[in-house]
Participant: 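Structure incoming, see below.
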Amino acid sequence: MDLTATQQDEAFRARARDWLCANRPAEPAPYDGPVSRTYATDWLARCHKGGWSGLAWPEAYGGQGLPPARLMLWYEEYVRARAPSTLDCTFVALNHAGPTLIARGTDAQKAFHLPRILGGRSIWCQGFSEPGAGSDLAALRATGRVEGDELVVNGQKIWSSYADIADYQELLIRTDPGASRHHGLSWVICDMSLPGITVRPIKNIAGVTHFAEVFYDNVRIPLTEVVGDLNDGWSVAMTTLAFERRTAALALQVELSVKVEDLIRLADAPAGSATSARLSDLRAEAAALRAMTWRTALREPDTPFDGSLVRLAFAELAQEIHRAAMDILGPAALADPRWSHDYLESFSETIAGGTAEIQRNIIAERILAMPREPRA
Amino acid sequence: MSFDLTPSDDLRQILDAAQTMLDTHYPVARLRDGSDDSLAALDEFGAFDLARPDTEGGAGFTLVEEAHLHVALGRHLAPPAALATAIARRIDPTATAALGFSQEDAWLWLPQPDTAQALIRVGNGLTLAPAKATETTPALGGTYAFAKAPPSQNARRADAATHLVAQVLTSAQLLGVAIGARDLALAYARDREQFGRPIASFQAIKHRAADMSIGIEKVSALLDMAAIATRDASPDAGFLCSALARLAPRTTVETARGAIQIHGGIGFSAEADAHLFLKRAHILRAFLGPDDMLEHKAPLAPY
Ligand SMILES: Cc1cc2nc3c(=O)[nH]c(=O)nc-3n(C[C@H](O)[C@H](O)[C@H](O)COP(=O)(O)OP(=O)(O)OC[C@H]3O[C@@H](n4cnc5c(N)ncnc54)[C@H](O)[C@@H]3O)c2cc1C
């Protein structure tokens, strides 16, 4: 076991740092709306031009094909340079839709979409959740009826992040009404400009228009937009589990180390105080999360579900850091969006992408092999 | 090879061999009757000289392999003197030492029949000294030998490098204790039925087990990173060892507490083993001493 950087690694790190420090935007990212899209796509386009986009994507699809250690070096430099959060409106396309198309898409789908995604020319959103299907995703009810060479889609999605500014959606719908739950679903590329689609933006608790409800009224989507086989959508939706441990989420995890350092500096707690003990704990937790992140990146997981351990460790630490900031900085934090805004945003960490409770179920059942929950 | 966190074949072989030795000589059940626990089988295995160069009579491995061995020792609640001895050999290559800590100006240690020395935690230092008890005193985890005044003669203090080694190995044992406690609780939860089903199917039990596993995963990842940094004398070693020393004891005490709760009534009885893990966690925590987490330069400080 070794974590020594070679001379080439150090040269790579230096190149990454120099490029990031010279090119990161001076202004902070806008929270929402078309300006946030322009900001994110400009930044991605600049990264692309500099040869720094699609870092984990295979070279055959325009990516850099970086080995995991280089990816980690890049993300560590990225967060130290305070480059824009990787969790912006390009996230779904780069970390989810793109890898899904690479794994399961047709040549035509890949040839059309992948260059647009990497160049920052198209934004994607995810349409999985419905009012009646959250944690229990397989309960989803939006339908696609095959008519000739088209699917006619009806129903409703909710919590679709960035749907108000996206060009395409990963749409998961029921295409075989007779089949049970996980069967009979299809994963479809939905052009958000098609007639019959209505988007109703929803504000989150931080006042940001982050996600939206999407209504589909006889929306006609060509069958050529199905990814994977018709009625095989569940397996397509699960495809990216394996890719997820190489995504930009790595950056969000190591970024917490930087957040803790910021808080330590601001708090300036006297040695031996209760506050300094709390900050010590946070620093140690952030160091552990960073170690887990390196391990996730470098080592094959024992089970595909190992990601739930680091995912939940991240979610809880993100919330703990912001809660501590609110407690320690007092009224000063209320007026400082770096803390108060991010504090509110951090509530989503144990909900989005599978709640903390669902993650614990997965850890207990899939990693520890404890008996399964009763199921619908 | 640079940037590799997959355990090597060497390491796997050491751990396989250690497992056989530990299952034979140090099953946790041996502790139920409170009889003396010998270091002989560990000594014969070479457990105390694993990381010493082969030119100096050691096995020529590194702190990384040694740390993983101590995780296995922790799972088996190996004699505390095994930890003290492995560390003490950095001070005196032939030492065997009991493990202890100071309390005000008295010293307490866990008696070990085959040792004449004790490695004592005093504040943020470690001292190796002759173990001459003036009396014994009952305390958590057994009967301790007690010296009212620390011996001033022939006492030797650990240097800074040994201090880091002690943080790594003690945390490794704590990790092993946590894994042992969690696995004991899991085995019981799968077996025990109430309301017509295994208690392992109840979410309150499952979620506690999941939290234990997250804690274990954190400490385990940090242990690898800290052991590698310490082995390589990396500038981040002090920071990483402090983080480890802060996290490991808390995680283990919490996991051992949970293991007692998951056992229900029998967890509160001396007839189940859960309490042994809790007691060992507290002893190791006392031996580990304080960390100085905020005094180091952070490896990921923002520019
Ligand atoms: C910021 C944010 C962005 C999102 N973006 C998207 C997106 O882009 N696309 C998309 O499709 N979805 C998105 N979601 C939706 C997200 O996936 C769901 O919110 C999540 O899966 C939970 O579903 P739910 O909201 O219906 O809650 P519910 O499933 O109704 O859960 C409510 C509570 O019950 C608990 N619970 C439910 N089932 C169990 C169980 N079996 N055991 C124990 N407890 C249980 C949950 O943990 C939770 O505390 C987003 C959500 C957020 C917050």
Side-chain angles (χ1 to χ4, degrees), chain A residues 1-6 9 17 21 67-69 72 76 79-82 254 257-258 260-262 264 269 271 276 279-281 283-296 298-300 306 308-310 312-313 316 357 359-365 367-373, chain B residues 1-8 11 62 64-65 182 186 189-190 197-198 200-201 203 205-229 231-232 234 239-240 242-247 250 291-296 298-303:
Chain A
M1 291 199 270
D2 199 355
L3 289 171
T4 318
T6 61
D9 293 326
R17 179 174 52 229
C21 289
M72 282 300 295
E76 292 206 342
V79 300
R80 295 184 76 180
R82 299 185 195 279
V254 289
S257 287
V258 171
V260 170
E261 295 311 311
D262 286 341
I264 289 171
S276 88
L279 293 168
S280 294
D281 286 339
R283 215 182 194 201
E285 292 278 355
L289 184 70
R290 174 176 175 242
M292 277 174 103
T293 306
W294 271 96
R295 187 192 269 200
T296 313
L298 294 189
R299 203 163 96 176
E300 284 303 316
D306 279 6
S308 288
L309 292 168
V310 62
L312 192 47
E316 298 200 319
E357 290 73 22
Q359 303 286 351
R360 285 192 177 88
N361 288 348
I362 292 172
I363 294 166
E365 295 175 3
I367 302 178
L368 300 176
M370 296 171 87
R372 301 283 295 260
E373 287 281 284
Chain B
M1 193 174 108
S2 71
F3 293 117
D4 179 10
L5 288 175
T6 304
S8 66
L11 174 54
T62 74
V64 173
E65 289 79 23
R182 191 241 354 232
L186 276 178
R190 289 202 187 95
R197 43 188 190 130
S201 64
Q203 260 190 13
I205 304 280
K206 282 157 104 171
H207 287 193
R208 192 143 192 185
D211 286 337
M212 290 175 175
S213 296
I214 294 169
I216 285 167
E217 187 67 17
K218 280 187 210 166
V219 174
S220 158
L222 191 54
L223 174 68
D224 280 351
M225 208 180 223
I228 291 168
R231 174 195 68 191
D232 298 345
S234 138
F239 174 92
L240 291 167
S242 264
L244 183 63
R246 190 146 190 109
L247 220 54
R250 215 184 15 177
D291 64 84
D292 49 1
M293 190 69 247
L294 291 184
E295 279 167 28
H296 299 276
L300 259 194
Y303 292 125

Participant: Need one label for Asp262(A): side chain, backbone, both or neither, based on atoms under 4.5 Å from any heavy atom in chain B.
Facilitator: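 Side chain of Asp262(A) only, per the 4.5 Å heavy-atom cut-off to chain B.
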Participant: So which part of Thr62(B) gets closer than 4.5 Å to some heavy atom of chain A, the side chain, the backbone, both or neither?
Facilitator: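 Neither part.
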Participant: Looking at every non-hydrogen atom in both residues, tell me the closest pair between Met1(A) and Thr6(B) and how far apart they are.
Facilitator: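 Here Met1(A) and Thr6(B) meet closest at CG-O, 3.6 Å.
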Participant: Which atoms form the tightest heavy-atom contact between Ala243(B) and Ala284(A), and what is the distance?
Facilitator: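 In terms of heavy atoms, the two residues are closest at O-CB, 3.7 Å.
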Participant: Which atoms of Ile214(B) are under 4.5 Å from chain A, going by heavy atoms: the side chain, the backbone, both sets, or neither?
Facilitator: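 Answer is both: backbone and side chain atoms of Ile214(B) are under 4.5 Å from chain A.
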Participant: Can you tell which of Ser234(B), Ala221(B), Ser242(B) has the highest number of heavy-atom pairs within less than 4.5 Å of chain A?
Facilitator: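 Looking at each option in turn, the highest pair count goes to Ala221(B).
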Participant: So which part of Ala269(A) gets closer than 4.5 Å to some heavy atom of chain B, the side chain, the backbone, both or neither?
Facilitator: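 When you check distances to chain B, no heavy atom of Ala269(A) falls under 4.5 Å.
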Participant: Test Ser213(B) against every option in Ile367(A), Leu312(A), Leu368(A) by the side chain to side chain contact (heavy atoms under 4.5 Å, CB included) rule and name the one that passes.
Facilitator: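 The residue from Ile367(A), Leu312(A), Leu368(A) that satisfies side chain to side chain contact (heavy atoms under 4.5 Å, CB included) with Ser213(B) turns out to be Leu368(A).
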Participant: First locate atom OH of Tyr303(B), then atom CZ of Arg17(A), and finally report the distance between them rounded to the nearest 0.5 Å.
Facilitator: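 Nearest 0.5 Å value for the OH-CZ distance: 4.0 Å.
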Participant: Among Asp224(B), Leu244(B), Val64(B), which has the most heavy-atom pairs under 4.5 Å with chain A?
Facilitator: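 Top count of heavy-atom pairs under 4.5 Å with chain A: Asp224(B).
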Participant: Look up atom CG in Asp2(A) and atom CZ in Arg231(B), then write down how far apart they are to the nearest 0.5 Å.
Facilitator: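 Between atom CG of Asp2(A) and atom CZ of Arg231(B) there are 5.5 Å.
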Participant: Rounded to the nearest 0.5 Å, what separation is found between the CZ atom of Arg290(A) and the CG atom of Leu240(B)?
Facilitator: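 The CG atom of Leu240(B) is 7.0 Å from CZ of Arg290(A), to the nearest 0.5 Å.
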Participant: For the CZ atom of Arg80(A) and the CG atom of Leu300(B), what is their distance to the nearest 0.5 Å?
Facilitator: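 So the CZ of Arg80(A) and the CG of Leu300(B) are separated by 6.0 Å.
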Participant: Which distance, rounded to the nearest 0.5 Å, do you find between the CD of Glu300(A) and the CG of Leu5(B)?
Facilitator: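 CG of Leu5(B) is found 12.5 Å from CD of Glu300(A).
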Participant: Under a 4.5 Å heavy-atom cutoff, which of Thr6(A), Asp9(A), Val260(A) has the most pairs with chain B?
Facilitator: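 Heavy-atom pairs under 4.5 Å are most numerous for Asp9(A).
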Participant: Just give me the residue among Arg190(B), Arg182(B), Glu65(B), Arg197(B) that pairs up with chain A most often, heavy atom to heavy atom, under 4.5 Å.
Facilitator: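 Most heavy-atom pairs within the cutoff with chain A belong to Arg190(B).
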Participant: Would you mind checking which part of Val254(A) comes under 4.5 Å of any heavy atom in chain B, side chain (CB onward), backbone (N, CA, C, O), both or neither?
Facilitator: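 Both backbone and side chain.
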Participant: Please classify the contact of Ile205(B) with chain A as side chain, backbone, both or neither, using a heavy-atom distance under 4.5 Å.
Facilitator: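 Looking at Ile205(B), backbone and side chain both touch chain A.
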Participant: Find the one option among Lys206(B), Lys218(B), Met225(B), Glu217(B) whose heavy-atom pairs under 4.5 Å with chain A are most numerous.
Facilitator: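 Of the candidates given, the most pairs with chain A belong to Lys206(B).
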Participant: Heavy atoms only, distances under 4.5 angstrom: which of Ala227(B), Ala189(B), Ser201(B) has the most pairs with chain A? Name it, please.
Facilitator: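 Greatest number of close heavy-atom pairs with chain A: Ser201(B).
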Participant: So for Asp281(A), is it side chain, backbone, both, or neither that comes closer than 4.5 Å to the heavy atoms of chain B?
Facilitator: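 Backbone plus side chain of Asp281(A), per the 4.5 Å heavy-atom cut-off to chain B.
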Participant: Could you tell me which of Ser220(B), Ser8(B), Ala226(B) has the largest number of non-hydrogen atom pairs under 4.5 Å with chain A?
Facilitator: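 Most heavy-atom pairs under 4.5 Å with chain A: Ser220(B).
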Participant: If every non-hydrogen atom of Leu294(B) is compared with every non-hydrogen atom of Arg283(A), which pair is closest and at what distance?
Facilitator: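 In terms of heavy atoms, the two residues are closest at CA-NH1, 3.5 Å.
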Participant: If you tally heavy-atom pairs under 4.5 Å against chain B, which of Glu357(A), Gln359(A), Met292(A), Glu316(A) wins?
Facilitator: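 If we count pairs closer than 4.5 Å to chain B, Met292(A) comes out on top.
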Participant: Count the heavy-atom pairs under 4.5 Å between each of Leu279(A), Val258(A), Asn361(A) and chain B, then report the option with the highest count.
Facilitator: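 Most heavy-atom pairs under 4.5 Å with chain B: Asn361(A).
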Participant: How long is the span from the CD1 atom in Ile264(A) to the CE atom in Met293(B), to the nearest 0.5 Å?
Facilitator: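 Reported to 0.5 Å precision, the distance equals 7.5 Å.
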Participant: Does any backbone or side-chain atom of Asp292(B) lie under 4.5 Å from a heavy atom of chain A? Answer side chain, backbone, both or neither.
Facilitator: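 Asp292(B) has no heavy atom closer than 4.5 Å to chain A.
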